[in-house]
2 protein chains.
Amino acid sequence: MKTDDRQADMTEHSDAPSDEPMLRRRKAHIRLSNEAHLLACAEAVFAERGFEGASTAMIAERAGVPKANVHYYFPTKLALYRRVLDDVFEEWHCAADTFDSSDNPVEAIGGYVRAKMALSQRRPLGSKVWASEIIQGATHMQDILSERVKPWMESRVVVINDWIARGLLAPMDPRALLYMIWAVTQHYADFDAQIKTLSGKRALSKKAFEALTEEVVALVIRACGAKAP
Amino acid sequence: MKTDDRQADMTEHSDAPSDEPMLRRRKAHIRLSNEAHLLACAEAVFAERGFEGASTAMIAERAGVPKANVHYYFPTKLALYRRVLDDVFEEWHCAADTFDSSDNPVEAIGGYVRAKMALSQRRPLGSKVWASEIIQGATHMQDILSERVKPWMESRVVVINDWIARGLLAPMDPRALLYMIWAVTQHYADFDAQIKTLSGKRALSKKAFEALTEEVVALVIRACGAKAP
DNA sequence: GTCTATAGACGGATAGAC
DNA sequence: GTCTATCCGTCTATAGAC
């Protein structure tokens with residue numbers, strides 16, 4: 001690991017015993033920084049090849065460190081993979097929080113779709129790791145799905161059913177709506193290779209992605225059959 | 001390969017020279033039958049593990065044959081993978097044909113969504129192989145995307161824009177609509193592990209899947225903002 | 001905390017008997 | 001067409017010098 005710049009903050013240390021806590025802090029900083037670097041590289045390799053297809057050697061090479069260092073920071077390939085999944089879920093959870101239960105379903109759903117589209121743009125690799133894991137049976141994240149995603153979904157089902165009962169949305173299966181939002185927004189991260197080939201373009205500009213986001217919001221809002229409260 | 005039942009149709013052959021064509025036909029039948037069996041097993045393994053994660057040994061084991069037989073019928077793992085992708089595309093293409101350019105966009109789009117949902121139910125493993133391949137960069141099917149999928153998409157964009165110009169659909173980006181249809185319908189095949197965990201059920205009954213299909217059709221038709229012609 | 005070297009299992013692919 | 005045995009490369013993980 002290229003430690004030259006990472007260790008720059010310790011050049012002014014002395015021999016005094018009061019240095020010990022600082023040393024500890026420095027070491028902790030090195031560990032956290034290297035872990036974060038490896039996690040980012042691992043996310044890219046897992047996205048490009050899936051769990052079994054990825055190798056610790058590829059992750060090490062991308063991080064610019066010997067293979068053994070990967071095992072120093074993460075005991076096994078599976079432990080590293082699991083940490084990537086946990087990280088990705090944390091961001092998913094933040095976006096999920098934007099789906100509030102206000103009286104205005106158009107704002108709540110529209111805001112959630114925008115948050116999910118922004119996440120697809122900001123972290124497409126994480127979305128791909130998540131998608132690959134589920135496609136391959138979700139064996140390494142059953143706990144996340146049942147303990148974290150499922151309760152969230154059930155709470156949103158209640159909210160959506162309430163909106164429907166009050167005539168704010170068309171009658172529908174709330175789960176089908178949530179699956180639709182996930183599928184459509186994550187499609188732009190997971191299937192970007194297909195989209196690039198079909199559009200003939202390399203990637204979307206920031207402006208173009210904003211316009212696309214509003215297209216998706218409009219589609220989803222119409223799909224809801226939202227009426228004025 | 002368990003040849004006992006597959007060779008039953010040759011027990012009555014004689015020494016006459018007229019047998020030669022029959023022998024050829026029998027051998028051709030064995031080849032086609034074994035190829036089809038291996039392709040089906042390969043599709044399952046590729047769906048469960050992705051291209052790099054799958055091994056020829058796993059495919060052979062699932063097919064009940066020694067590993068060498070896989071290489072007898074398909075020279076390389078990549079050639080076998082490519083044949084699976086071609087097979088999956090052929091069914092995709094059949095479903096795509098149901099999207100006609102009639103004067104009734106509700107019927108055309110609704111029929112297409114039903115065909116795609118039926119395909120997700122009938123062949124979820126193929127959908128997963130396709131999805132994994134695209135997530136991992138679509139490097140092994142660029143030709144299918146640019147030579148087969150892209151022309152189809154462009155022809156449908158023209159049709160949808162025509163419907164919009166005639167006031168039959170709400171103004172929208174036709175590509176965003178097509179991506180939505182793909183994403184939503186394929187979600188039920190690709191993400192079935194997540195859906196099972198979130199719903200707490202093992203799998204959907206035939207009746208339940210029909211009801212779900214109509215939910216999805218209703219969502220998509222509303223998203224189109226379809227009006228009576 | 002970093003690195004080289006290597007153990008031990010498994011990968012794709014092939015040779016050659018039957 | 002089928003199968004056993006095997007080549008050779010890469011895999012995950014670890015040992016041990018620095």
Side-chain angles (χ1 to χ4, degrees), chain A residues 1-10 13 22-38 41-42 45-46 48-83 140, chain B residues 1-11 13 22-38 41-42 45-46 48-84 140:
Chain A
M1 184 124 347
K2 295 171 244 153
T3 46
D4 33 20
D5 49 337
R6 289 163 207 274
Q7 287 182 352
D9 50 302
M10 71 144 304
H13 93 288
M22 198 174 100
L23 197 79
R24 222 181 297 264
R25 242 177 292 132
R26 181 177 61 83
K27 283 198 174 175
H29 174 261
I30 287 179
R31 170 160 280 272
L32 286 175
S33 153
N34 288 351
E35 269 185 14
H37 184 221
L38 283 171
C41 296
V45 176
F46 285 133
E48 285 167 12
R49 317 252 310 185
F51 174 66
E52 289 95 353
S55 78
T56 54
M58 296 171 74
I59 295 168
E61 190 187 13
R62 185 174 299 233
V65 302
K67 202 171 53 168
N69 290 31
V70 176
H71 283 96
Y72 174 74
Y73 283 100
F74 302 92
T76 64
K77 179 183 162 184
L78 180 58
L80 173 55
Y81 181 65
R82 178 57 203 226
R83 278 287 302 276
H140 304 302
Chain B
M1 182 126 343
K2 294 173 241 146
T3 45
D4 34 20
D5 49 340
R6 288 165 207 273
Q7 287 182 349
D9 49 298
M10 71 146 298
T11 46
H13 93 287
M22 197 175 103
L23 197 79
R24 222 183 295 268
R25 241 177 294 130
R26 180 178 61 81
K27 282 197 174 173
H29 174 260
I30 287 179
R31 171 161 279 271
L32 286 175
S33 152
N34 287 349
E35 269 185 14
H37 184 222
L38 284 171
C41 296
V45 176
F46 285 131
E48 284 167 13
R49 316 252 311 183
F51 174 67
E52 288 94 355
S55 77
T56 53
M58 297 170 74
I59 294 168
E61 190 187 15
R62 185 174 300 232
V65 303
K67 199 171 57 166
N69 290 31
V70 176
H71 282 97
Y72 175 73
Y73 284 100
F74 302 93
T76 65
K77 179 182 164 186
L78 181 57
L80 173 55
Y81 182 63
R82 178 58 204 226
R83 279 286 302 273
V84 171
H140 304 302

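Naming convention: chains lettered A, B, ... in sequence-line order (proteins, then strands); numbering from 1 in each chain. Quick caveat, the model's predicted, so the values are computed rather than measured.
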K.L.:
Check this one for me: any side-chain N or O of B:N69 less than 4.0 Å away from OP1 or OP2 of D:dC3?
P.N.:
yes
K.L.:
Nearest 0.5 Å, please: how far is CZ in A:F74 from CZ in A:R83?
P.N.:
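Here the rounded value is 5.0 Å.
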K.L.:
If every non-hydrogen atom of A:A60 is compared with every non-hydrogen atom of A:K67, which pair is closest and at what distance?
P.N.:
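Taking every non-hydrogen atom into account, CB-CA, 3.6 Å.
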K.L.:
Let me confirm one number: the OG-CD distance from B:S55 to A:E52, rounded to the nearest 0.5 Å.
P.N.:
10.0 Å
K.L.:
Output the rounded distance in Å from CD (B:E35) to P (D:dT2).
P.N.:
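One finds 11 Å between P of D:dT2 and CD of B:E35, rounded.
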K.L.:
Can you sort out the partners of A:E61 under salt bridge (charged side-chain N to carboxylate O under 4.0 Å, His left out), two or more places apart, ordered by chain and number?
P.N.:
none
K.L.:
Give the angle between the helix axes at the two ends of the helix from C:dG1-D:dC18 to C:dC18-D:dG1, taking five base pairs at each end and rounding to 10°.
P.N.:
0°
K.L.:
Measuring from the side chain of A:R31 (C-beta onward, heavy atoms only), which nucleotide among C:dG1, C:dC3, D:dG1 has the closest atom?
P.N.:
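For the A:R31 side chain, the nearest candidate turns out to be C:dG1.
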K.L.:
Applying ring pair (Phe, Tyr, Trp, His ring centres under 6.0 Å), name anything that partners B:Y81, two or more places apart in sequence or on another chain.
P.N.:
B:F46, B:F51, B:H140
K.L.:
Is A:V65 close to A:L38 at the side-chain level, that is, under 4.5 Å between some pair of heavy atoms?
P.N.:
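They are in contact (side-chain heavy atoms under 4.5 Å apart), so the answer is yes.
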K.L.:
In whole Å, I'd like the distance from the CZ atom of B:F74 to the P atom of C:dT14.
P.N.:
15 Å
K.L.:
Which whole-number value in Å describes the distance from B:L80 CG to C:dG12 C1'?
P.N.:
12 Å
K.L.:
Using a 4.0 Å heavy-atom cut-off to protein, can you give one letter per nucleotide of nucleotides 10-16 of chain D, 5' to 3': B if the base is in contact, S if only the sugar-phosphate is, - if neither?
P.N.:
-SBBB--
K.L.:
Can you check the A:N34 CG to C:dG1 C1' distance for me, whole Å?
P.N.:
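Answer to the nearest Å: 9 Å.
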K.L.:
So, using salt bridge (charged side-chain N to carboxylate O under 4.0 Å, His left out) as the criterion, who are the partners of A:R82 when residues are at least two apart?
P.N.:
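Here the qualifying residues are A:D86, A:D143.
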K.L.:
For B:E61 and C:dG12, give me the distance from atom CD to atom P, rounded to whole Å.
P.N.:
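Result: 13 Å.
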K.L.:
Can you name the residues that form a side-chain contact (heavy atoms from CB on, under 4.5 Å) with A:R62, not counting sequence neighbours?
P.N.:
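Residues passing side-chain contact (heavy atoms from CB on, under 4.5 Å) with A:R62: A:C41, A:A44, A:V45, A:E48.
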